[in-house]
Amino acid sequence: MKPVLDLVTKLGPARLAAMAAVTMTLIGFFAFVILRVSKPDMGVLFADLSMSDSSAVIRDLDARGIKYETKGDAGQTILAPRADLPRLRMDLAGKGLPSAAGVGYEIFDKGDAFSSTNFVQNVNHLRALEGELSRSIRAIGRVQAARVHLVIPERRLFERDRETPSAAIVLKLMGDLDPSQVRAIRHLAASAVEGLKPERVSIVDERGRLLADGARGAESETGAGMEEKQVGIERRLRAQIEEIVAGIVGAGRARIQVSAELDLNRIESRSESFDPESRVVRSTQTRSENSLTGGAEGAVSVGNELPGANQPGQAPAQKDSTNKNEETTNYEISRVTKTEVAEGGRVKRLSVAVVVDGAYVPGPDGKPVYQPRPAAEVDRIAALVRSAIGFDKARGDQVEVVNLRFAETPAPAEFAEPSLVQSLLAPSKEEVMRIVELGVLTMLTLIVLMAVVRPLLKKVLASEPIQIALLSEGAGALAAGGEALMAPPDNPTARLVDFAQLNGKVQAETVQRVVDMVRASPSETVEVLRNWIHEN
């Protein structure tokens with residue numbers, strides 16, 4: 001410990017404090033470099049999360065033991081190691097996270113119903129209704145997120161005409177929705193809101209495409225229904241034809257296109273016909289009259305009142321009798337009244353185009369050779385296609401079956417993992433930023449080593465190698481003339497005598513250097529001499 005204590009004493013408190021400060025700075029710097037290099041590259045796992053979703057995701061990450069970081073006042077943004085982002089997102093999506101639950105009817109569980117005003121209650125009810133609709137719409141396949149905006153007019157007293165409610169729905173989709181799914185969403189929203197009609201619901205996706213127009217009303221609904229019906233007819237006929245043709249020429253060896261022209265007119269006809277041969281007695285009426293007419297006897301007239309009008313012995317006049325019978329029969333002629341209503345969407349004409357590939361037979365060299373199909377086989381395929389679609393020549397249907405050679409489809413390129421050279425030649429943005437960061441840290445480390453550590457080590461360790469080299473160089477001179485070295489350096493006569501004695505043995509320069517070294521470090525010189533004395 002003596003050399004260490006001597007070194008500490010020689011350096012002094014100021015140098016020791018400076019060395020300690022430099023040492024702590026270097027330790028902190030290298031610790032920062034090591035931590036920064038070993039720290040995993042973090043990326044955004046989820047952003048704009050609600051409090052419930054953020055806490056659920058953090059609990060899952062804690063259970064997995066995965067390092068993460070949060071940003072924002074409420075932890076809306078969660079960062080995780082960039083290499084684990086795809087796997088974490090898939091695993092959390094399988095667990096329904098983030099759920100983006102929104103606000104539902106549970107909003108009424110948190111407020112005070114007695115202190116809330118009627119306006120606040122109405123606003124909360126509207127928010128709850130929109131949140132519940134959003135949850136229901138997200139349950140539909142391919143719908144990743146949904147936002148619902150309801151416009152419900154306020155009820156007023158003594159109001160005769162009331163405006164109908166309307167709704168706007170924004171969807172974030174994973175793919176495309178079928179027309180039937182769009183209509184299902186409209187009817188779902190209309191059924192949940194009082195007075196809301198399906199044609200008053202507008203639907204827009206995240207790319208700004210209008211899936212349902214709520215301003216056109218029932219007309220757009222009718223047009224969309226006709227278009228959907230046409231697409232359904234074409235798809236059904238194509239599937240039927242493909243099933244038949246594929247069984248003959250093989251799967252993937254036929255291309256089929258069906259075009260259905262629909263009659264969109266709605267026709268209503270009424271007709272009334274009578275059958276004169278078909279008579280039915282509807283009613284019969286019979287009437288009989290009997291009348292009896294007598295002479296002038298007993299009749300009051302002017303002639304009877306005259307004198308001599310009644311002569312005795314005159315015979316009375318003869319009486320008249322009348323009988324009358326009437327019979328009326330009413331017949332009802334048979335009448336037929338017919339009312340026919342033909343709705344729009346009837347098939348007006350069908351056009352079918354079928355292209356079949358030929359056959360491939362082994363050639364002389366063993367390779368497959370194309371061979372066209374016989375005309376009789378093509379005609380049989382055309383007859384089967386006509387039967388499958390319900391061909392009607394009077395309607396103007398057309399069916400064309402053609403045999404042509406298909407173009408050879410190149411084999412799909414296999415995905416190969418990029419090699420190390422390719423990865424280095426085409427790095428990603430994250431890799432470039434990582435390389436730049438490592439380069440900056442490496443440069444800072446080299447600067448610290450060259451500007452701080454290297455001069456410090458040279459200053460601390462430079463004295464001992466120089467002293468040891470000088471002692472080794474003058475070892476022979478010390479052994480030959482030890483007494484002369486111990487003479488007082490201020491006596492010129494003694495120095496001359498010493499030089500004379502050492503003439504031819506040691507150079508004067510070497511002796512002078514050894515003397516200077518002894519003057520500068522007497523304690524080290526004594527220690528060297530002591531070691532030489534104790535040696536054999």
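All values reported here derive from a predicted model rather than from experimental measurement.
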Compare all side-chain heavy atoms of [X] with those of [Y] and state whether any distance is below 4.5 angstrom.
X    : Y    : value
V399 : F391 : yes
T77  : T70  : no
V201 : L196 : yes
S54  : I78  : yes
D176 : R209 : yes
V231 : R235 : yes
Y68  : I58  : yes
V148 : L129 : no

Nearest 0.5 Å please: distance from the [atom1] atom of [X] over to the [atom2] atom of [Y].
X    : Y    : atom1 : atom2 : value
R238 : R255 : CZ    : CZ    : 12.5 Å
L350 : D397 : CG    : CG    : 4.5 Å
I241 : L384 : CD1   : CG    : 11.0 Å
K172 : R207 : NZ    : CZ    : 12.5 Å
L188 : Q181 : CG    : CD    : 12.5 Å
K197 : S191 : NZ    : OG    : 14.0 Å

- Of all residues at least two apart in sequence or in a different chain, which pass the side chain to side chain donor-acceptor pair (under 3.5 Å) check with R64? D60, D91

Least distance between heavy atoms, [X] atom then [Y] atom:
X    : Y    : answer
L88  : A80  : CD1-CB, 3.8 Å
A167 : L150 : CB-CD2, 3.5 Å
L133 : A189 : CD2-CA, 4.1 Å
P165 : P153 : CA-CD, 3.8 Å
A254 : F406 : N-CE2, 3.9 Å

- Query: Yes or no on side chain to side chain contact (heavy atoms under 4.5 Å, CB included) for V170 and I203, after CA distance, side-chain angles and deciding distance?
  - Reply: CA-CA 6 Å; V170 181; I203 302 177; over 6 Å; no

- Could you please spell out the steps behind the salt bridge (Lys or Arg N to Asp or Glu O under 4.0 Å) verdict for D263 and R395? CA-CA 12 Å; D263 187 2; R395 192 171 54 185; over 6 Å; no

- Message: Evaluate L45 against L92 for side chain to side chain contact (heavy atoms under 4.5 Å, CB included), listing each step before the verdict.
- Response: CA-CA 10 Å; L45 180 62; L92 293 174; 4.1 Å; yes

- Item | side chain to side chain contact (heavy atoms under 4.5 Å, CB included) between R142 and D178, worked out | CA-CA 10 Å; R142 299 183 185 179; D178 298 333; 4.1 Å; yes

Is the [atom1] atom of [X] crowded by more than 12 outside heavy atoms at less than 6.0 Å?
X    : atom1 : value
R373 : CZ    : yes
M174 : CE    : yes
E194 : CD    : no
E206 : CD    : yes
E163 : CD    : no

Quick check: does any side chain N or O of [X] sit under 3.5 Å from a backbone N or O of [Y], one acting as donor and the other as acceptor?
X    : Y    : result
R82  : M42  : yes
R349 : E261 : no
R346 : N265 : yes
D392 : A394 : yes
Q398 : V352 : no
D205 : L171 : no

- Give a yes or no on whether a salt bridge exists between R236 and E234, defined as a side-chain N under 4.0 angstrom from a carboxylate O. no

- Task: Flag the pair R135 and E132 as a salt bridge only when some basic side-chain nitrogen lies within less than 4.0 angstrom of an acidic carboxylate oxygen.
- Result: yes

- Query: Which is it for D357 and Y370 under the side chain to side chain donor-acceptor pair (under 3.5 Å) test, yes or no, and what are the steps along the way?
  - Reply: CA-CA 9 Å; D357 196 5; Y370 175 78; 4.5 Å; no

- Report the C-alpha separation of K71 and E69 in whole Å, then their side-chain angles, then the decisive distance to 0.1 Å, and conclude whether the salt bridge (Lys or Arg N to Asp or Glu O under 4.0 Å) test is met. CA-CA 7 Å; K71 291 184 178 180; E69 296 179 3; 5.9 Å; no

- Are D84 and R87 close enough, and set up right, to give a salt bridge (Lys or Arg N to Asp or Glu O under 4.0 Å), and what steps lead you there? CA-CA 6 Å; D84 299 336; R87 179 177 57 85; 3.7 Å; yes

- Task: Evaluate the criterion side chain to side chain contact (heavy atoms under 4.5 Å, CB included) for residue pair V204 and L211; output intermediate values, then yes/no.
- Result: CA-CA 6 Å; V204 183; L211 303 180; over 6 Å; no

